[in-house]
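These values consider heavy atoms only, across backbone and side chains, with no hydrogens, waters or symmetry-generated copies.
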Amino acid sequence: MEQETQRPGRVELAAVVLTKNVAGHIGPCLATLGFADLVVVSDSFSDDGTADLARQAGAHVIQRQFDNFAGQRNAALDAVNAEWVFFVDADERIPAELAAEVRRVIRERPEAGWWVPRHNFIVGRQVRHGGFYPDRQ
């Protein structure tokens with residue numbers, strides 16, 4: 001069962017986080033998304049308080065039963081009215097430099113989209129081999 005909420009008005013940049021039971025990650029993740037005009041958490045009916053924590057952090061929360069990642073992303077895209085959408089995983093943190101670059105690019109350059117290189121950390125160490133670096137998203 002999907003839970004409908006009021007769709008936010010048009011914004012330039014929305015950050016979207018897909019979630020399911022990520023209470024330990026959602027707060028620190030959302031704390032790095034202040035550069036977005038709108039932060040949306042698309043939650044798959046978490047039972048660990050993820051949605052409540054997201055609301056407390058100021059995110060707009062929508063809930064949808066998980067079917068697959070494509071379905072979740074498309075539903076999230078349908079739920080936002082934004083010129084730009086930046087998908088972020090709950091265990092990711094957006095550094096200030098990347099936040100500034102995102103804002104600069106959408107303000108000054110003609111891109112319709114672009115790849116962001118992601119640094120992967122496994123057991124606390126950055127991985128720079130095996131196809132994990134650079135991991136462009």
Side-chain angles (χ1 to χ4, degrees):
M1 170 189 232
E2 293 187 24
Q3 198 173 46
E4 295 294 324
T5 59
Q6 184 178 0
R7 184 176 175 173
R10 180 93 172 145
V11 296
E12 183 176 41
L13 173 64
V16 175
V17 186
L18 305 181
T19 62
K20 172 69 175 186
N21 292 334
V22 291
H25 288 287
I26 196 63
C29 174
L30 296 178
T32 68
L33 300 179
F35 67 98
D37 302 312
L38 172 68
V39 177
V40 175
V41 170
S42 179
D43 184 67
S44 298
F45 293 99
S46 295
D47 58 15
D48 69 346
T50 296
D52 290 334
L53 291 169
R55 284 185 195 94
Q56 290 169 12
H60 178 79
V61 176
I62 59 175
Q63 290 188 296
R64 178 181 188 275
Q65 194 64 44
F66 184 86
D67 53 359
N68 59 58
F69 283 105
Q72 294 304 102
R73 283 181 182 257
N74 287 334
L77 286 172
D78 288 343
V80 298
N81 185 9
E83 181 74 21
W84 289 90
V85 177
F86 190 72
F87 279 98
V88 180
D89 291 344
D91 63 350
E92 293 179 321
R93 310 295 178 258
I94 305 305
E97 297 82 10
L98 176 57
E101 178 183 349
V102 168
R103 279 298 188 180
R104 185 177 61 256
V105 168
I106 64 177
R107 181 181 63 245
E108 298 174 358
R109 295 175 31 191
E111 278 83 2
W114 77 101
W115 294 100
V116 174
R118 176 172 63 183
H119 299 279
N120 291 292
F121 290 81
I122 298 175
V123 191
R125 297 186 61 173
Q126 185 177 356
V127 179
R128 295 180 186 238
H129 55 277
F132 288 100
Y133 184 84
D135 179 15
R136 299 191 187 278
Q137 300 294 310

* **V88 and T32, any side-chain heavy atoms less than 4.5 Å apart** => no
* Asked: Taking only residues two or more places apart in sequence or in another chain, which ones pass side chain to side chain donor-acceptor pair (under 3.5 Å) with T50?
  -> D48
* Test D91 against V22 for side-chain contact (heavy atoms from CB on, under 4.5 Å), laying out the working first. => CA-CA 8 Å; D91 63 350; V22 291; over 6 Å; no
* **Non-hydrogen side-chain atoms of V102 and W84 separated by less than 4.5 Å** => no
* Asked: Any donor and acceptor pair, going by atom type alone, linking the side chain of N68 with main-chain N or O of G71 inside 3.5 Å?
  -> yes
* Roughly how far apart are L18 CG and D89 CG, rounded to 0.5 Å? -> 7.5 Å
* To do: Check whether any side-chain heavy atom of F86 sits under 4.5 Å from a side-chain heavy atom of L98, and report yes or no.
  => yes
* Asked: Checking D37 side chain against L13 main chain: does a donor-acceptor pair fall under 3.5 Å?
  -> yes
* To do: Name all residues meeting the side-chain contact (heavy atoms from CB on, under 4.5 Å) criterion together with E83; count only those two or more places apart in sequence or in a different chain, and write none if there are none.
  => R10
* With F87 via ring pair (Phe, Tyr, Trp, His ring centres under 6.0 Å) - residues at least two apart -> none
* Structure fact -> Scanning both residues in full, the closest heavy-atom pair of L33 with A15 reads CD1-CB, 4.0 Å
* Asked: What closest approach, in Å, do A51 and V61 show between heavy atoms, and which atom pair accounts for it?
  -> O-CG2, 3.8 Å
* Atom CD of Q63 and atom OG of S46: how far apart are they, to the nearest 0.5 Å? -> 7.5 Å
* **Derivation of the side-chain contact (heavy atoms from CB on, under 4.5 Å) call for C29 and R93** => CA-CA 5 Å; C29 174; R93 310 295 178 258; 3.6 Å; yes
* Is it true that E12 and R103 have a side-chain N and a carboxylate O under 4.0 angstrom from each other? -> yes
* Structure fact -> Heavy-atom nearest pair, Q72 first then F66, reads CG-CD1, 3.3 Å
* Out of curiosity, K20 NZ to D47 CG, how far, rounded to the nearest 0.5 Å? -> 5.5 Å
